[in-house]
Amino acid sequence: MGENQACQSFLPLLSAYIDTELTPSQRTQVERHLSACPTCTLRAADLRAESALVRVGLDIVADEVDFKDFPQKVLARVTLERPPFWERVSLWASETLAHERRTVLAAAAVALLALSPWLWLERAPEGYAQKRLEVQAVSVDPSQMPSVQPVVVKTESGDAIIFLTEPAAAPPNQGEREEEGGLAPAAPQDTPTGGEL
Amino acid sequence: MEKNNSCAKVPTVLATDDLTLVKRIKTGDQRAFKLLVERYQRKVFGVAMGMLKDKEEAMDVAQEAFVKVYKYLDYFKADSSFSTWLYRITTNLCIDVVRRRRAMRGEPVEFDETLALDTSEAHLGALGSRLGTNPQKSALRKELAQKIQEALEQVPEKHRAILLLREVEGMSYEDLSRTLGVPKGTVMSRLFHARSKVQKILSEYLELDEKKVGVGSE
């Protein structure tokens with residue numbers, strides 16, 4: 001088989017010809033040449049066979065591989081490469097503040113309003129902001145000096161409030177003191193004896 | 001012909017195209033990402049295997065390609081097809097590996113594209129006549145598959161990438177040009193070089209093999 005000089009110009013087109021990537025006019029020229037050139041016809045057949053071989057050969061290799069866990073392995077690598085949690089939180093926070101400022105401010109205002117009674121209550125020591133105290137027991141220590149009479153009051157939470165009183169007047173009856181969980185107002189005196197908070 | 005009016009509904013998962021899955025992945029849908037991986041895993045592995053010849057390395061590169069897809073999905077512009085982008089990532093990863101190997105062996109990293117085309121008539125018709133129109137019958141031989149791998153290894157990586165994308169994915173020359181960032185004329189030329197090289201190696205092997213074992217073509 002002698003090589004035709006014309007074959008040289010058609011050789012680079014043979015690959016594109018078997019891939020059907022030639023323009024219509026190019027395809028016509030190649031087909032005309034192939035009809036007259038057994039050498040190039042054999043070359044085209046070889047190219048087709050080689051193309052199919054590569055496809056099938058790679059299929060054979062892929063058939064031997066188990067892809068069952070492949071997506072999970074990819075996801076495991078992806079998860080490992082995610083930024084740390086705090087970095088993601090800070091990214092989310094900065095993005096939210098940048099793009100949802102009004103929503104964030106409104107949510108903060110609502111939260112503040114909802115929490116404010118609790119916050120105010122928390123400031124005052126217990127007892128001073130409460131409407132009434134639940135008094136569990138009242139005791140008076142008679143062994144103390146007559147000028148001072150400590151009064152110990154225990155509340156539900158266990159706190160003890162000590163009132164020092166002068167025994168100018170007879171102490172009120174115990175029953176009066178334990179009225180409805182609050183200290184009954186003391187009888188009018190010149191000196192204060194303690195009373196309802 | 002009687003018309004069938006009871007149209008079976010195509011399950012959504014089968015009808016979901018790549019771009020729809022991409023949109024879902026961007027919202028954090030890992031199931032959509034898993035579907036996309038399953039759709040392309042075999043072909044991506046095939047390209048990587050053809051480029052690298054080593055199964056472990058090909059598996060690693062194939063996984064890495066999908067990891068990059070996940071990481072950089074926000075940068076994917078829907079003006080090109082997803083597969084084009086995926087294969088670009090895959091071939092770039094493979095070319096990096098090949099170049100690293102070559103550098104470690106002390107070989108030149110870049111291939112001289114001005115090498116003359118081999119148009120000898122030796123082994124002309126060997127492949128075509130040996131395999132006929134049914135290459136699968138012959139290609140079922142494992143050693144032939146291995147020979148194909150060896151032949152591919154002798155093709156420069158840029159040419160190899162084009163050949164593999166054409167054969168594995170059936171990419172058009174237009175898509176190949178976009179994927180690899182080279183003009184269409186370059187695609188044509190490289191593909192022809194790659195095929196000629198592989199064809200020559202396989203023809204020599206098949207003729208030798210035929211002489212050894214006397215096996216017929218089909």
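Every chain is numbered from 1 and lettered A, B, ... according to where its sequence line falls, protein lines coming before strand lines. As the structure is a prediction and not an experimental result, all values here were calculated from the model.
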Decide whether B/Ser172 and A/Glu21 meet the rule of one side-chain donor and one side-chain acceptor closer than 3.5 Å. no

Looking at side-chain heavy atoms only, is the closest gap between B/Tyr70 and A/Val74 below 4.5 Å? no

In terms of heavy-atom contacts, does NZ of B/Lys23 have more than 12 from other residues, nucleotides or ligands at under 6.0 Å? no

Any side-chain heavy atom of A/Glu50 sitting closer than 4.5 Å to one from B/Leu163? yes

Output, in order, the C-alpha distance, side-chain angles, deciding distance and verdict of salt bridge (Lys or Arg N to Asp or Glu O under 4.0 Å) for A/Lys73 and B/Asp60. CA-CA 10 Å; A/Lys73 286 178 184 165; B/Asp60 185 61; over 6 Å; no

Closest non-hydrogen atoms of A/Glu64 and B/Lys55, given as atom of the first, atom of the second and distance, are OE1-NZ, 3.2 Å

Distance-minimising heavy-atom pair for B/Leu202 and A/Leu53: CD1-CD1, 3.7 Å

Might you point out which heavy atoms bring B/Glu167 and A/Ser51 nearest each other, and give the distance in Å? OE1-OG, 2.7 Å

Side chain / backbone / both / neither for B/Ala62 at chain A, heavy atoms under 4.5 Å: both

Salt-bridge contact A/Asp19-B/Arg195 (side-chain N to carboxylate O under 4.0 Å): yes

Excluding sequence neighbours, so at least two apart, what forms side-chain contact (heavy atoms from CB on, under 4.5 Å) with A/Leu22? A/Leu13, A/Ala16, A/Tyr17, A/Gln26, A/Arg27, A/Val30

Is there side-chain contact between B/Gln41 and A/Pro71, with at least one heavy-atom pair below 4.5 Å? yes

Below 4.5 Å from any heavy atom of chain A, which atoms of B/Lys68 appear? Answer side chain, backbone, both or neither. neither

When every non-hydrogen atom of B/Val168 is compared with those of A/Leu58, the smallest separation belongs to CG2-CD1, 3.4 Å

At a heavy-atom separation under 4.5 Å, does B/Leu36 approach chain A through its side chain, its backbone, both, or neither? neither

Apply ring pair (Phe, Tyr, Trp, His ring centres under 6.0 Å) to B/Phe66 and list each qualifying residue two or more places apart in sequence or on a separate chain. A/Phe70

Is A/Asp46 salt-bridged to B/Lys200, going by a charged N under 4.0 Å from an acidic O? no

Taking every heavy-atom pair that is under 4.5 Å apart, which of B/Phe45, B/Tyr173, B/Phe33 has the most such pairs with chain A? B/Tyr173

Charged N to carboxylate O below 4.0 Å: is that the case for B/Arg42 and A/Asp63? yes

Locate the shortest heavy-atom distance separating B/Phe192 from A/Ser15; write the atom from each residue and the value. CD1-CB, 3.7 Å

Just verifying a value: how many Å separate B/Met59 CE and A/Asp66 CG, rounded to the nearest 0.5 Å? 8.0 Å

